[in-house]
Structures are given as C-alpha cells and as structure tokens.
**Student:** 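Quick one: the structure is below, questions incoming.
Protein chains get the first letters and strands the later ones, always in sequence-line order, with residue 1 at the start of each.
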There are 2 protein chains.
Amino acid sequence: MDRPGTWQAVRAEALRRMRAGDWPPGGRIPDEAELAAEFGCARATVNRALRDLAEAGLLERRRKGGTRVPVTPIRKATFEIAIIRQDVEGRGQRHGYRLLEDALGPPPPEVLAALDWPEGAGMRHLTALHLADDRPFCLEHRWLDATVAPAEVSFDTISANEWLVRNIPYSGGNIAFLARPADGPAARALDCAPGDALLAVERTTFRDGAAITFVRLTYAPGHRVDATL
Amino acid sequence: MDRPGTWQAVRAEALRRMRAGDWPPGGRIPDEAELAAEFGCARATVNRALRDLAEAGLLERRRKGGTRVPVTPIRKATFEIAIIRQDVEGRGQRHGYRLLEDALGPPPPEVLAALDWPEGAGMRHLTALHLADDRPFCLEHRWLDATVAPAEVSFDTISANEWLVRNIPYSGGNIAFLARPADGPAARALDCAPGDALLAVERTTFRDGAAITFVRLTYAPGHRVDATL
DNA sequence: TCGAAAAATAAGTATAGACATAATGCGCCA
DNA sequence: TGGCGCATTATGTCTATACTTATTTTTCGA
C-alpha cells in the first residue's frame, strides 16, 4: 500500500494488527520507541501514525499510561459544511435565492436560550429560501445580532449565509441535527404538506465568546446529510 | 494563550491574522520558511500549525502552489459515534434493550441498493429497541450478512450494535442523517404518533470492500445529534 | 509559436536528538 | 495503614537537516 517507513505504512500496519486481533481491545500496545525499533523508523514517525489513529478514535493515548486499544471505540465522523450555494452547485444544480422576510423583532424563547442573550437585545430576523434548479432546497431562518449586520446591509441578493462567511469568517460555534414537522409557512415555502418530516440543522455562531447569530436550516423532504467515517 | 514557539501559538496567530484581515480570503500567505523565520521557530512547527488549519478547512495548501485562504471555506465538523449504550449512559441515564424481531428475509429494495448485494443473498433482519431510563430512545433496524453473524449468535441480551463493535471492529463505512415520518411500528415502539418527524441515522459498514451490514437508527421525537465545529 | 523538457519552488515527510509534561506508582514517613 | 512527594515513564513537542514530491514556471528546440 504505502512504502515502508512512512507514517501511513505504520498506521496501516497498526490497523491490521487491531483487526487481526494481535492488539486486542482493552490491551496496551508497545510504546513508540519499541515500535520505532521494530519498524526501523524514527519515533516521530510512529508518533504521527498513532496520533492519527487516536484522532479517529481508534486508539487511546495517555502520557505515561501508554497507548491502548479501546474496548468500545468512539469513532469520529466528519462532514463538510459549505455555504448553501456551494452545496447546491456541488450537486450540479443551479442555485437560486429568495429573501422572504427581513424584520426586527423578539425571537422565540428557544432561540433566546440558544443565544444566551439579554431579553431586549436588538435582533434582526431573516427568512430566506434557497432553490436548487428552481425547486425549494432549504429554508433559512436566521436571528442576527443587529450590530453585526446593520440595516444598511441588504440580504436581497446575497444570502446571510454567504454574507456572514465572507464578512465574519473563521468563527466558532456548535451544530445540531434534528427532525421537525413542517409548520404552515415551511410547508408553503418548501412545497410539501404540513407535518411532513424535515431534516433541520441548527447552528449557533460565536465570536469573542458572544453569540452572534443563530440559524435553522430546514431542508426539503428527502434531504440527506452525508458524513464520512 | 499558548506559550510562544508552540504549534498551537502559531495556529492561533494565523487564525488571528485571518480574522483581522491581514490574510484576506483568496490571498496567499507567506510560505513556511518565511513564517518560521518570523516566528523564530522551526519550519516543522509552522507546518504542523498550518496543516491543522488545512484539515479544519480553514486553509488550502498545495505543493509548490503555497498556502492560501479560501474565499468560501468548507468547514469540517466532527461528531462522535459511540455505541448506543454508551450514548445513553453518557447522558446519565440507564440503558435498556429489547429485541423485537430476529428473522431471515429479503430486505426492501432501498436497503439492497445501499448494500449493493446480489438479490438472493442470505440476510438476517433485526429490530431492536433501545431505552433510556425505561423510555424509548432509539429504534434499531438492521440488515446483516448472515455469514458475519451466524444464527448461533443471539442478540437477545446484547445489541447487534454492541456485538459488531466488539467482534467486527475498526471497519469503514458511510453515514447519513435524514428525517422520516414515524410509520406504524415505529410509532408504537417509540411511543409517538404515526407521522411524527423522527431523526434517523443510516449507516453502511464495509469490510474488505464488501458491505457487511446496513443499519437505520430512528430516534425518539426531539432527539438531537450534536457536532463540534 | 507551440510544446516538451528542465529548473525552480513550496509543501510533505523522515530522522536524530533533546527537552517538556502528565500520569503512574513506588517508597518514605507519620 | 494511610497519605504525601519524588522518581519513573510514555507520550507530546521542538529543532535542524535532509530528502521527496507535486506543481508551476522557465527555457529551449522543432
């Protein structure tokens, strides 16, 4: 597979041993120095390989404690978060965008809780529809700190999704997947029946420790989000 | 934050420059040697920091091409996949398990498609319910290569989920999130109304290039899957 | 002028050596 | 016996150097 002596080769061999049962679950594996001697490579190379496996959840490493094979590994899966336009275009479809609403107002309590904000804070509320080949793709519901995106900024032609990535980039946050039934407006926008099961992604974005924006993306029926193990 | 000269410090400084606009989107940043000289550290340290950012989707690196800040970064989010018992216990609840059905039979076409299997292949079909503090947590629907888990293996007390992790570990696969309405049996098992919007996770597991098992986990209403950015 | 070969470049990786850090666990002392 | 502190140990990381590899740019010949 990989030329011997590379960290990928060491990783592959380690994986092979785990699968073959040479390194059984719950057991401790030889330390880096031993493996480096056995494989005839530098300790740093072994370190790179084992660190990679540990990041994937396939090994547990602790200083002094050594490296062990977890009994029930907690695997890590990753998925990619692109802006919606890229997501649509990546499927070979044409992206369309329609701003449905742009107003100032108090958010529902669930949103306030997610944002952890004072009650009366100025908040802009946007509703927009993303289209793929002219069919509804995703409904964007966003609450936004009014100081981050002042009223001058218009989201008529560029989605808040894209504006934020371009203007407030590289910020942290958290994400959650959930299912929700289509309410009246969502059903109308996404062209489905009220009560239909829809996949939604909720995201809160932080900047300097404070929540900037909360967004709920509700996808059209049948949408799937793929991740790689 | 981090003591200077560490790769974390370099990463933090790189991130700061991106946020501050010193390294604007679309632009190319200085090469590793230059940054190493500027920060007074080894090139390997800069490499580690920039590689880490590239893995998170915050930088794009190409040999000879240099390192650039993507205009619309495709962020990577990760979530943890534990066995369901651990998932429940991690919430501080007691895990329960009930096998509802264990039979041999032909899978529905959607499952066959996901598995990419010949029509008549022997397939075991399991249905099981996971409980959290005696309340329905998740419905497990699994199709399994009969040669992987022969009839002797009983899933009465141990879930297939756990059995597989312990016996066929470290295999690859793919995962998808979707929403589906509760059908009759699911509504009964999960104690909700038919048609309720439920979050489901589908996973196909491969071993040596061949599909071993397909599982659909349908969660009780209100369930969320969290990921970290 | 076009295209192929050669040079240049920046990231990718390997290595040996050193020191840092976090657990572990042992031994000492009360 | 119990608890505290220090020695031990395996991983974590940094450095300097060298070589490799992918890709771009330049050069040169047809």
**Student:** Can you measure F39(A) atom CZ to dA16(C) atom C1' for me and round it to whole angstrom units?
**Tutor:**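 Nearest whole value for this atom pair: 19 Å.
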**Student:** For R61(B) and dG12(C), is the shortest distance between a side-chain N/O and OP1 or OP2 below 4.0 Å?
**Tutor:**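 Yes.
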**Student:** Give a yes-or-no answer on whether the side chains of E60(B) and T67(B) include a donor-acceptor pair shorter than 3.5 Å.
**Tutor:**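 No.
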**Student:** If a pair satisfies ring-ring contact (aromatic ring centres under 6.0 Å, His included) and one of its residues is in residues 31-80 of chain B, list it, with sequence neighbours excluded.
**Tutor:**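 Qualifying pairs, neighbours excluded: F79(A)-F79(B), F79(B)-F177(B).
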**Student:** Starting at atom CG of L59(A), determine the distance to atom C1' of dA10(D), rounded to an integer number of angstrom.
**Tutor:**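 After rounding, the gap between these two atoms is 14 Å.
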**Student:** Suppose we screen for side-chain contact (heavy atoms from CB on, under 4.5 Å). Which residues come up paired with A176(B), at least two apart in sequence or across chains?
**Tutor:**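 By the side-chain contact (heavy atoms from CB on, under 4.5 Å) rule, A176(B) matches R224(A), D226(A).
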**Student:** So, taking the atom named CG in L198(B) and the one named NE2 in H223(B), what distance separates them when rounded to the nearest 0.5 Å?
**Tutor:**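 Reported to 0.5 Å precision, the distance equals 11.0 Å.
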**Student:** Going by number, which of residues 14-34 of chain B have a non-hydrogen atom under 4.0 Å from DNA chain D?
**Tutor:**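 The answer is none.
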**Student:** At under 4.0 Å between heavy atoms, which parts of nucleotides 14-20 of chain D does protein reach? Answer with one letter per nucleotide, 5' to 3': B base, S sugar-phosphate only, - none.
**Tutor:** SB--B--
**Student:** Could you identify which residues of residues 64-75 of chain A place a heavy atom less than 4.0 Å from some atom of DNA chain D, listed by residue number, or say none?
**Tutor:**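 DNA chain D contact set from residues 64-75 of chain A: K64(A), G66(A), T67(A).
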**Student:** So which atom in G57(A) and which in P70(A) form the shortest heavy-atom distance, rounded to 0.1 Å?
**Tutor:**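 G57(A) and P70(A) have their closest heavy atoms at O-CG, 3.9 Å.
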**Student:** Return the value, rounded to whole Å, for the distance between atom CG of D52(B) and atom P of dT13(D).
**Tutor:**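 Spelled out: CG on D52(B) to P on dT13(D) is 10 Å.
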**Student:** Measuring from L99(A):CG to F155(A):CZ, what's the distance to the nearest 0.5 Å?
**Tutor:**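 That separation rounds to 9.0 Å.
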**Student:** Side chains of T213(A) and R142(A) only: does a donor on one sit below 3.5 Å from an acceptor on the other?
**Tutor:**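 Yes, because at least one side-chain N or O of T213(A) sits under 3.5 Å from a partner of the opposite role on R142(A).
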**Student:** Could you list the donor-acceptor pairs under 3.5 angstrom formed between side-chain atoms of residues 130-137 of chain A and any protein atom two or more places apart in sequence or on another chain?
**Tutor:**
unit_1, atom_1, unit_2, atom_2, d
H130(A), ND1, H95(A), NE2, 2.9
H130(A), NE2, E140(A), OE1, 2.7
D133(A), OD1, R94(A), N, 2.8
D134(A), OD2, R94(A), NH2, 3.4

**Student:** Tell me whether the side-chain N/O atoms of N47(A) come closer than 4.0 Å to OP1 or OP2 in dT11(D).
**Tutor:**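 For dT11(D), neither OP1 nor OP2 has a side-chain N or O of N47(A) closer than 4.0 Å.
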**Student:** What is the distance from CZ of R51(A) to C1' of dA14(C), rounded to the nearest Å?
**Tutor:**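 From R51(A) CZ to dA14(C) C1': 14 Å.
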**Student:** Less than 4.0 angstrom from a charged side-chain N to a carboxylate O is my criterion; do R48(A) and E32(A) meet it?
**Tutor:**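 A salt bridge is absent here (no side-chain N lies under 4.0 Å from a carboxylate O).
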**Student:** Could you tell me the separation between the CD atom of E60(B) and the C1' atom of dA10(C), rounded to a whole number of Å?
**Tutor:**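 Going from E60(B) (CD) to dA10(C) (C1'), I get 16 Å.
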**Student:** Provide the closest heavy-atom pair for L229(A) versus A77(A) in the form atom of the first, atom of the second, distance.
**Tutor:**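 Heavy-atom minimum between the residues: CD1-CB, 4.1 Å.
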**Student:** Would you please confirm or rule out a distance under 4.0 Å between OP1 or OP2 of dT9(D) and any side-chain N or O of R62(A)?
**Tutor:**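 Answer is no, no contact under 4.0 Å.
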**Student:** Under 3.5 Å, is there a donor-acceptor pair between the T72(A) and Q86(B) side chains?
**Tutor:**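 There is such a pair (donor and acceptor under 3.5 Å, judged by atom type) between the side chains of T72(A) and Q86(B).
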